[in-house]
A.B. asks: 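To start, I am sharing the structure in question, which I have written as structure tokens.
Keep in mind it's a predicted model, so treat the numbers as computed, not measured. Below, chains carry the letters A, B, ... as their sequence lines are ordered, and counting in each starts from 1.
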There are 4 protein chains.
Amino acid sequence: MKRDKPKYKQIVDAAVIVIAENGYHQAQVSKIAKEAGVADGTIYLYFKNKEDILISVFREKMGVFVDNVKEILKKEISATEMLARMIENHFSLLNGDRHLAIVTQLELRQSNKELRNRINEVLKEYLTLLDTILKEGIEKGEFDKQIDIRLARQMVFGTIDETITSWVMNDQKYDLMKLAPEVHRLILNGMKA
Amino acid sequence: MKRDKPKYKQIVDAAVIVIAENGYHQAQVSKIAKEAGVADGTIYLYFKNKEDILISVFREKMGVFVDNVKEILKKEISATEMLARMIENHFSLLNGDRHLAIVTQLELRQSNKELRNRINEVLKEYLTLLDTILKEGIEKGEFDKQIDIRLARQMVFGTIDETITSWVMNDQKYDLMKLAPEVHRLILNGMKA
Amino acid sequence: MKRDKPKYKQIVDAAVIVIAENGYHQAQVSKIAKEAGVADGTIYLYFKNKEDILISVFREKMGVFVDNVKEILKKEISATEMLARMIENHFSLLNGDRHLAIVTQLELRQSNKELRNRINEVLKEYLTLLDTILKEGIEKGEFDKQIDIRLARQMVFGTIDETITSWVMNDQKYDLMKLAPEVHRLILNGMKA
Amino acid sequence: MKRDKPKYKQIVDAAVIVIAENGYHQAQVSKIAKEAGVADGTIYLYFKNKEDILISVFREKMGVFVDNVKEILKKEISATEMLARMIENHFSLLNGDRHLAIVTQLELRQSNKELRNRINEVLKEYLTLLDTILKEGIEKGEFDKQIDIRLARQMVFGTIDETITSWVMNDQKYDLMKLAPEVHRLILNGMKA
DNA sequence: GATGAATGAGGGTTCATTCAT
DNA sequence: GATGAATGAACCCTCATTCAT
């Protein structure tokens, strides 16, 4: 499996750095190859084309978000608490990787519709886990039975996303983690029973 | 004033159509000119360069959003009610212009950092009006005094934006207007005193 | 006759200024029109096309050189003296019009082969007058009978031209007129009997 | 070193041919690439941009002129003789390459001021060698001590240049080499002690 | 005669991808 | 598997010229 080979990860990590430092439109394949310490042609032994690199970046990195939320879901805690942990996890992973934050919040959004559709497929798994939390909260009576799951999901993700993007656009000047409790409170107020 | 000339509006409207139908990266100046029924060179009598067209699209169209919200602010109604009208207005304007919805929610976000910064400047005026509503709601005791205005703004705008983007990405299959009351309720719950 | 109308001269003079100040490749018709205080379209009432303006510039201005040399030829002086006066006249006319010097020595030489051929036709009249002086000098025994008229002409014009171009490229820092006697002496030594 | 690779020379030689046959303003990069038998993009592996090709043409070709004159300077001959050999060399190199003669005498002079400045820098080395000959001639008493080196240089180069340009503009109809002795004699007369 | 808005052809350059070594 | 030189398609913008008013 190519994904397990060291050069695969080298190239994915190089892509994150190059995109973050140069911007999406200045992230040429040759720059990524150079950053990864391989020849241009080598990229094509591991990836079908440039788009494939970008999707892989998102899939590899988003995988950590998904794995962490799966761990959270296994815990014996309330949905409210799960939501708090999910927000913290989301904020924490991006707070700890400046390059990745720039790439996911700003640069990858400049990709074309097709690439963004592929990215959304990856995102879907994450949002499905969010739905699981929301449904559990409703079932357990923590959240209002009346709420539309889809809208609630959009509020949760929209609020998280907008908050992080705003932080990135302000050059990550403040500590993102400090905002987590208030974001959680705002969201919870919107849904609680 | 160039902006008042008919060809200016022709070109802006043509740009919206071309971008919506072909995607940001396939919206060549020559396509816009053809759609507008003018020669390529004519574009440059009204716009400095391609980027200027795109900013103008956003500014012209966003101007309607801003003007409408300014009207809403003049009315003698509660902040809660203003928020409802603002959401309805936002949903309504995009619900009624499929092309514009695609352009603002998907295509213009693919532009480079510089253009998006310019777009954000235009957006700032709209968000400032939203802040005005939020502050009034807090003063009048409708919204919780504890809330952080910046986070509340991000929740309101993030939720609206995420809801519309989701609608656009689902090919505008359902009626966006029907979601307005529930979105309003969710947001309000998050903030009410 | 169009050439006698005031706008004709206005446009020719404007062309000299615009070319000198902006360079040949930045001397757009619209700039010349603006400098001349007429509309773009008006240019085409007096000139067939842009090339026609440039040829006219050269013809009108070179006309003064030719007229002056004709006057010199009428005088009852030696060929040696005529040569001195011709050099002085040439230096004097360009020393006194910085814009014209830039245009003739630098900018008009960037024109394409066809235009330069047309310019050379105009120049030919001037060179023919030079030949007349040289022939007279040979006949009168002032210049060496052995010299090849064509080569002598090339030496005289080449030396004058190179000297002036060098002066222009040094930003006309020194007084061109002071070089005339030495240039005359050098040239004369090359030809004298 | 790129300059030693065969494609570098292929492209430079192709540029000389294309410029000579089509004129400076019709020498598109794609034409040069086609003449050189490479793809358009390959040009940019060896040259920064179009201007870089043109400067390289001048530098590569002028280099031969300079190298030859350096050889002449090493010989144990009088300055008068050096001057003769220098003129012969200059005439010979252009007499033997019709395309190059057209390019240096007519086409490259149509370039913009910046490019011509770059070209003049290359030319400066050649003119400095000429100065060396002139100074030596003065020291050894062959040339007049009174002459202004700068003016003398301008006479020598101006006469050579004007002679060759005239030959090129007459479609290289006659044998340029036959003019060398007379040009040498004319110039020498202008300077001899 | 004078205007100036409109026209539209034309070219340097980038960069994802290939393939001979 | 790895290399990197070579490829060639694609596009924004300028500006000389026209012509309806």
Side-chain angles (χ1 to χ4, degrees), chain A residues 2 5-7 11 25-34 36-54, chain B residues 2 5-8 10-11 25-34 36-54, chain C residues 2 5-7 11 25-34 36-54, chain D residues 2 5-8 10-11 25-34 36-54:
Chain A
K2 302 219 157 171
K5 301 206 175 172
K7 289 204 176 164
I11 294 168
H25 292 289
Q26 282 305 307
Q28 292 88 351
V29 172
S30 59
K31 265 189 200 149
I32 296 173
K34 197 174 181 183
V38 301
D40 292 18
T42 305
I43 297 270
Y44 292 87
L45 298 174
Y46 294 89
F47 300 89
K48 215 175 70 212
N49 51 34
K50 187 179 179 180
E51 189 176 73
D52 190 25
I53 309 174
L54 304 176
Chain B
K2 301 219 156 168
K5 298 198 178 173
K7 294 217 167 148
Y8 180 89
Q10 264 176 54
I11 294 168
H25 292 288
Q26 282 304 306
Q28 292 89 348
V29 171
S30 59
K31 268 188 196 149
I32 296 173
K34 198 173 183 184
V38 300
D40 291 18
T42 305
I43 299 270
Y44 294 88
L45 296 176
Y46 295 90
F47 300 90
K48 217 174 67 213
N49 49 35
K50 188 180 178 180
E51 189 177 71
D52 191 26
I53 308 174
L54 303 175
Chain C
K2 301 217 159 176
K5 301 206 177 173
K7 289 205 175 163
I11 294 167
H25 292 289
Q26 283 304 308
Q28 292 88 350
V29 172
S30 59
K31 266 190 198 148
I32 297 173
K34 197 174 183 184
V38 301
D40 293 17
T42 305
I43 298 270
Y44 291 87
L45 297 174
Y46 294 90
F47 300 88
K48 215 175 71 214
N49 50 34
K50 186 180 179 180
E51 189 175 73
D52 191 24
I53 309 175
L54 303 176
Chain D
K2 300 218 158 169
K5 297 198 180 173
K7 294 216 167 150
Y8 180 88
Q10 263 176 54
I11 293 166
H25 293 289
Q26 283 304 308
Q28 293 88 349
V29 171
S30 58
K31 268 189 196 148
I32 296 173
K34 199 173 182 183
V38 300
D40 291 18
T42 305
I43 299 271
Y44 293 88
L45 296 176
Y46 295 90
F47 301 90
K48 217 175 67 215
N49 49 34
K50 188 180 179 180
E51 189 177 72
D52 190 26
I53 308 175
L54 304 175

A.B. asks: Residues in side-chain contact (heavy atoms from CB on, under 4.5 Å) with D:Tyr46, at least two apart?
C.D. replies: D:Lys2, D:Lys5, D:Lys7, D:Tyr8, D:Ile11, D:Thr42
A.B. asks: With nearest nucleotides of DNA chain F determined for A:Leu45 and B:Tyr44 from heavy-atom distances, which residue corresponds to the more 5′ nucleotide?
C.D. replies: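 The residue whose closest nucleotide sits nearer the 5' end is A:Leu45.
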A.B. asks: Describe the nucleic acid contact of A:Lys31 in one word from base, sugar-phosphate, nothing, applying a heavy-atom distance below 4.0 Å.
C.D. replies: nothing
A.B. asks: How is B:Val29 classified with respect to the nucleic acid when contacts are heavy atoms under 4.0 Å: base, sugar-phosphate, or nothing?
C.D. replies: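 Sugar-phosphate contact only.
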A.B. asks: Walk along DNA chain F from 5' to 3' and tell me the first and last nucleotide with an atom closer than 4.0 Å to a non-hydrogen atom of chain B.
C.D. replies: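 The contact span of chain B on DNA chain F goes from F:dC11 to F:dT14.
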A.B. asks: Please tabulate, one pair per line, all N/O donor-acceptor pairs under 3.5 Å involving side-chain atoms of residues 47-54 of chain B, not counting sequence neighbours.
C.D. replies:
from    : atom 1 : to      : atom 2 : distance (Å)
B:Asn49 : OD1    : B:Glu51 : N      : 3.3
B:Asn49 : OD1    : B:Asp52 : N      : 3.0
B:Lys50 : NZ     : B:Ala27 : O      : 3.1
B:Asp52 : OD2    : B:Lys48 : N      : 2.9

A.B. asks: Stem finding on DNA chain F, please: runs of three or more consecutive Watson-Crick or G-U wobble pairs, both distances under 3.5 Å, sorted by first number.
C.D. replies: E:2-21 with F:2-21
A.B. asks: Would you indicate what B:Phe47 reaches in the nucleic acid, counting non-hydrogen atoms under 4.0 angstrom: base, sugar-phosphate, or nothing?
C.D. replies: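 Here B:Phe47 touches no strand at all.
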A.B. asks: Nearest whole Å is fine: how far is E:dC15 P from A:Lys34 NZ?
C.D. replies: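 In whole Å, E:dC15 P and A:Lys34 NZ are 14 Å from each other.
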A.B. asks: If you pin A:Gly41 and B:Thr42 to their nearest nucleotides in DNA chain E, which one's is more 5'?
C.D. replies: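 Result: B:Thr42.
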A.B. asks: How many Å lie between CD1 on A:Ile32 and P on E:dC15, as a whole number?
C.D. replies: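 Those two atoms, CD1 and P, are 12 Å apart.
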A.B. asks: Quickly work out the D:Glu51 CD to E:dG12 C1' distance and round it to whole Å.
C.D. replies: 13 Å
A.B. asks: Out of curiosity, C:Asp40 CG to C:Tyr44 OH, how far, rounded to the nearest 0.5 Å?
C.D. replies: 8.0 Å
A.B. asks: Select from D:Ala27 and A:Lys48 the residue whose nearest nucleotide in DNA chain E is closer to the 5' end of that strand.
C.D. replies: D:Ala27
A.B. asks: Would you mind reading off the distance between A:Ile43 atom CD1 and E:dC15 atom C1', rounded to a whole angstrom?
C.D. replies: 13 Å
A.B. asks: Quick one: list whatever passes side chain to side chain donor-acceptor pair (under 3.5 Å) with C:Gln26, sequence neighbours left out.
C.D. replies: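 With neighbours one apart ignored, the set is C:Gln28.
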A.B. asks: Not counting sequence neighbours, which residues clear side-chain contact (heavy atoms from CB on, under 4.5 Å) with C:Lys34? List them please.
C.D. replies: none
